[in-house]
Every structure is written in C-alpha cells, then in structure tokens.
Participant: 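So that we are looking at the same thing, I have put the structure below in structure tokens.
Atoms considered below: every heavy atom in the structure, side chains included; atoms not considered: hydrogens, waters and symmetry mates. The sequence lines fix the lettering, A, B, ..., with proteins before strands; numbering per chain opens at 1.
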2 protein chains.
Amino acid sequence: MSVQERKQRERAERERLIVATARELAEQQGWDAVTTRRLAERIEYSQPVLYSHFRGKREIIGAVALEGAAEMAVAVRAAASSANSPRERVAALARAYLDFAARNPAVYDALFQLDGGLAFANEDTPEPLKDAFAALLESLGEVAGDGVHPGLFTETFWASLHGLATLTRAGRLPPEYIEPRVKLLVDRLAIV
Amino acid sequence: MSVQERKQRERAERERLIVATARELAEQQGWDAVTTRRLAERIEYSQPVLYSHFRGKREIIGAVALEGAAEMAVAVRAAASSANSPRERVAALARAYLDFAARNPAVYDALFQLDGGLAFANEDTPEPLKDAFAALLESLGEVAGDGVHPGLFTETFWASLHGLATLTRAGRLPPEYIEPRVKLLVDRLAIV
DNA sequence: TTGATTGTCTAGCGATGCTAGGATCGAATC
DNA sequence: GATTCGATCCTAGCATCGCTAGACAATCAA
C-alpha cells in the first residue's frame, strides 16, 4: 500500500500546487489572466491534468476562495482578540476585514465576486465559509443592541464592509478617507 | 445637407438599438450571454457594425451603465420626494435603491460590478454618474449628523446599500429579512 | 513476460472578442 | 445619363478561451 500512499500524497501535493499557483497568478495579473493554459504551463503539466483535480476553472476559484475564507477568519479573530472593549473589537475587526480585502484582492474576488460554485447561506455551505461568518458574529453579536438579532446585525454590518471594500477597489469610491468611513460605520452601527 | 442629416439620425437610432438590445439580452440571460455575435444577430447587422459605434464590448456595457444611472437617479428622487420627514426620505431612498438593483440586475452590474470603462469619483466622471450620486446626496446629506461631511456620509451609506444589494443577489445573503436590514441601517446611520 | 490499468499528453472542438480586406451602394461630378 | 469615388457593410479569419476525446506510455498484477 505504500506505493499507493505515495501517489496519493503526490497527487494531493499537486492539487495544492494548482490552487497556490492559481492564487498567485490571480493576485499578480488578475483572474482574467488565470487561463487553464497558463496555469498548466506554470505547474509544468498539461491542461487536462487540471481537470483530473477540478471539474473546471470554477472549482479552482472555489478552492482559492475556501483557502481565503480560512485566512480571513484567522485575521479577523486575531484583530478582535487584540482589542479590549467591544467597540474597539468591532473597529479592529472592520479594519482587519478591509485590510484583508485590500491586500488579497484576487482572493476576495474569489470569495465574494466570482462564481466559485460554492453554496452560501444554507446547510450546504462549506465549513470555512461558515466559520468566517462565525468569526464576524463573535465580535459583532456583542454590539447588535437590544432586540436586534445578532445574525441579522452581523449580515448588515458585513454587507456595509463589503460595499466599502468592493466600491473602493473598483475605483467607485475615492481611496482616501477609508478610516473616517470605517469610524462612521462603527460609531453608528455598534451599540455598546 | 438633408441626406447627411438623415444618415446621422439613422446612425444614432441604430446606436440606441444596440444599447437597448444589449441591455435586454443581459437582463434576460445575463451579461455572459451578451456576445458580439448574438448582439449583432439581434440587431440584424453584422458584427463589425458594433465596432463602428463602440470601441468594444466594454463600451457597450458603459453605455448601458450610463442609461441605468439616469434611471436610477430618477427613481431615487421620486422615492425621496414622496416622503415627508428626512428619516422617511432616507428609508424610501434605500428601498428604491435596492428595488432598482433587484429589478435591473444587469444594469446594476454594468454600473457597479463590470468594467464599462467609465471614470468614477473624479473630474472625468460622466454627468449621469455624478447626478446619480447627487440624487443620493440630496436626501442623505440631511441626515449626516453634526460634524460629519455629507459627501463622506453619502459614500458610506451608499456602500452599505451596495453591499446589501450585491451580497443578496449573489446568494451570499439569505433573501429574506431585507426589510429589517434596511431598517437597521436607516435607524442607526441616519441622524435626524 | 504478458495483459490490464492508470496516468499523461497531443490535438482538436466550439466558442469568444476583435479586425483586415474586399464588395456594394449611393452621392456627387462631368 | 454615365462615371468616379468615398462611405458603409459583410465575409472570412486571427488568436485565445474552457474543455474533451483518443492515443500513447508507464506501472502494476498475474
């Protein structure tokens, strides 16, 4: 069985290589540049090899998205745990979220802009996505205020952050004044 | 000169036809289905004709976006003028905005998700885009609160609406509870 | 050693956005 | 009224896209 195990390991390793290469290429030149041919060339295999790991380009995007969701959850929790008051926690979370989106635009796109074939907001949602939302909920649930459902509050706050992130990156909002916009959101939405 | 004038008229008419057809096709089957071949077939001209009106597909998207911006400004102003108090105005504006996004998803995409080659947030921004933002500013500036710049407040409120609109439509947020989310945003962000 | 299975590659399909070059048509000139 | 000439439009084609069929080679079991 050792031979099979080795092959399985190598296969898993190659799959990681595909995802990492796709992500790297997307961050460098955008998702449009991530073609199956270019990707195959970079991993030094032929195109059809990609299709023995993933159903298609969409699934590769989905894999990058899941990887990114896990990292985002870590980043958000780290920021939250470094703050003392609930309000400070929310402010730190918001900055961490926007920072993640700005530093990993391709990953953020894979998560929330592109079609990665992932299920959202239902029971089929992959664990990393649920957990990323949970990471937001942990800090945001504290400041929902009386009579407001924590999940609903988290969704709304998240949507606001998402709007800021996407409009800024798409050039729809001037890139200055990010901090005062965040401050405004936190000051008004969070109830200590 | 009458002949030239007629030709010019016909040309302008055909350009309108292209934009209207692209929009219609996009709303029916999504922007992916708007290929230059299909578009050409629908307007009953050959493909290269499109390129005598627009530099490429991107500019066609941009044209649809400008048309949509004008309509959105009208919708937002109409909703705002039907309300009496500043807070009610903002609530009506928010609902009108989300309603427009939900009813015209392809147009909304052309405006804020896709690359239509338009300039945003600078002096080269086309007039319809500036005016759509102005329509938001007219009502939202009233409730920015003391010491908060109306433009900055409008940008932030708009981003929140944009986040709700896109996440909902992309299936990232459950489609129920739209109204309580809007209420939460208006109640917390707007200061009467 | 043979036969079968697994893995990989070459080649190709139907699309895509976009463009070059030739055909056609109508207006203006003689 | 015939002829030039420029504008207008179409056919055909390019490079590239995601994806797949079928041939080939390497590896394993018998």
Side-chain angles (χ1 to χ4, degrees), chain A residues 1-19 21-23 25-26 28-65 106 109-110 113-118, chain B residues 1-19 21-23 25-26 28-65 106 109-110 114-117:
Chain A
M1 291 297 165
S2 161
V3 171
Q4 280 201 358
E5 281 175 13
R6 194 205 69 224
K7 287 198 173 182
Q8 221 166 344
R9 255 197 336 266
E10 288 173 353
R11 214 185 128 72
E13 177 53 36
R14 193 173 62 181
E15 189 158 316
R16 274 193 295 275
L17 178 63
I18 292 172
V19 176
T21 307
R23 174 174 178 171
L25 190 50
Q28 285 172 356
Q29 309 180 35
W31 276 107
D32 278 352
V34 184
T35 68
T36 55
R37 285 178 228 286
R38 248 192 291 261
L39 188 49
E41 193 189 5
R42 284 224 183 179
I43 64 168
E44 294 181 316
Y45 281 94
S46 73
Q47 242 183 323
V49 164
L50 300 173
Y51 292 87
S52 75
H53 288 273
F54 302 94
R55 281 176 178 280
K57 188 181 172 180
R58 181 200 293 199
E59 268 197 7
I60 297 177
I61 295 175
V64 172
D109 281 348
Q113 301 266 60
L114 302 175
D115 179 13
L118 303 176
Chain B
M1 289 296 167
S2 160
V3 171
Q4 280 200 0
E5 280 175 14
R6 195 204 67 225
K7 286 196 176 183
Q8 221 166 343
R9 251 195 343 264
E10 288 172 352
R11 214 184 129 73
E13 177 54 36
R14 193 172 62 181
E15 189 158 315
R16 273 193 296 275
L17 178 63
I18 292 173
V19 175
T21 305
R23 175 176 177 170
L25 190 50
Q28 284 174 355
Q29 310 181 33
W31 276 106
D32 279 351
V34 184
T35 68
T36 54
R37 288 183 198 355
R38 247 191 293 261
L39 189 48
E41 194 189 3
R42 285 223 182 178
I43 64 168
E44 295 181 313
Y45 281 94
S46 74
Q47 246 183 318
V49 164
L50 301 173
Y51 293 86
S52 75
H53 288 273
F54 302 95
R55 282 178 176 278
K57 188 180 171 179
R58 182 200 292 197
E59 269 197 5
I60 297 178
I61 294 175
V64 172
D109 282 348
L114 302 175
D115 179 12

Participant: Rounded to whole angstroms, how far apart are CD on A/Glu59 and P on D/dC19?
Facilitator: 10 Å
Participant: Could I get the full list of side chain to side chain contact (heavy atoms under 4.5 Å, CB included) partners for B/Leu39, not counting sequence neighbours?
Facilitator: B/Ile18, B/Thr21, B/Ala22, B/Val34, B/Leu50, B/Ile60
Participant: Show every salt bridge (charged side-chain N to carboxylate O under 4.0 Å, His left out) that has at least one partner inside residues 39-49 of chain B, sequence neighbours left out.
Facilitator: B/Glu24-B/Arg42
Participant: Could you check whether any side-chain heavy atom of A/Ser52 comes within less than 4.5 Å of a side-chain heavy atom of A/Arg14, counting everything from C-beta outward?
Facilitator: yes
Participant: Give the minimum heavy-atom separation between B/Arg38 and B/Leu25, together with the two atoms involved.
Facilitator: CB-CD2, 4.3 Å
Participant: Assuming nearest nucleotide by heavy-atom distance, tell me which of A/Ser52 and B/Gly56 is located more 5' along DNA chain C.
Facilitator: A/Ser52
Participant: Measure the distance from CG on A/Leu50 to C1' on C/dT8 and round it to the nearest whole Å.
Facilitator: 12 Å
Participant: With hydrogens left out and only the distance checked, is there a donor-acceptor pair under 3.5 Å joining B/Gln47's side chain and the base of C/dC18?
Facilitator: yes
Participant: For A/Tyr45 and C/dC9, what is the distance between atoms OH and P respectively, to the nearest whole Å?
Facilitator: 7 Å
Participant: Quickly work out the B/Trp31 CH2 to C/dT16 P distance and round it to whole Å.
Facilitator: 15 Å
Participant: Using whole Å, report how far NE2 of B/His53 lies from C1' of C/dC18.
Facilitator: 16 Å
Participant: Rounding to a whole Å, what distance do you find between A/Ile61:CD1 and D/dG18:C1'?
Facilitator: 12 Å
Participant: I want to check something: taking the side chain as every heavy atom from C-beta on, are A/Thr36 and A/Tyr51 in contact at a cut-off of under 4.5 Å?
Facilitator: yes
Participant: Counting side-chain heavy atoms from CB outward, which of D/dT8, C/dC9, D/dC10 is closest to B/Lys7?
Facilitator: D/dT8
Participant: In this structure, are over 12 heavy atoms from other groups packed under 6.0 Å from A/Arg11 atom CZ?
Facilitator: yes
Participant: Taking only nitrogen or oxygen atoms into account, show me every contact under 3.5 Å that the protein makes with nucleotides 14-17 of chain D, one pair per line with its distance.
Facilitator:
unit_1: D/dC17; atom_1: OP1; unit_2: A/Arg38; atom_2: NH2; d: 3.2
unit_1: D/dC17; atom_1: N4; unit_2: A/Arg37; atom_2: NH2; d: 3.2

Participant: Phosphate oxygens OP1/OP2 of C/dT8: is one of them under 4.0 Å from a side-chain N or O of A/Arg14?
Facilitator: yes
Participant: How long is the line joining CD1 of B/Ile18 and P of D/dC9, in whole Å?
Facilitator: 10 Å
Participant: Nearest heavy-atom pair of A/Trp31 and A/Lys57: which atoms, and what distance?
Facilitator: O-NZ, 3.7 Å
Participant: Measure the distance from OH on B/Tyr51 to P on C/dG21 and round it to the nearest whole Å.
Facilitator: 18 Å
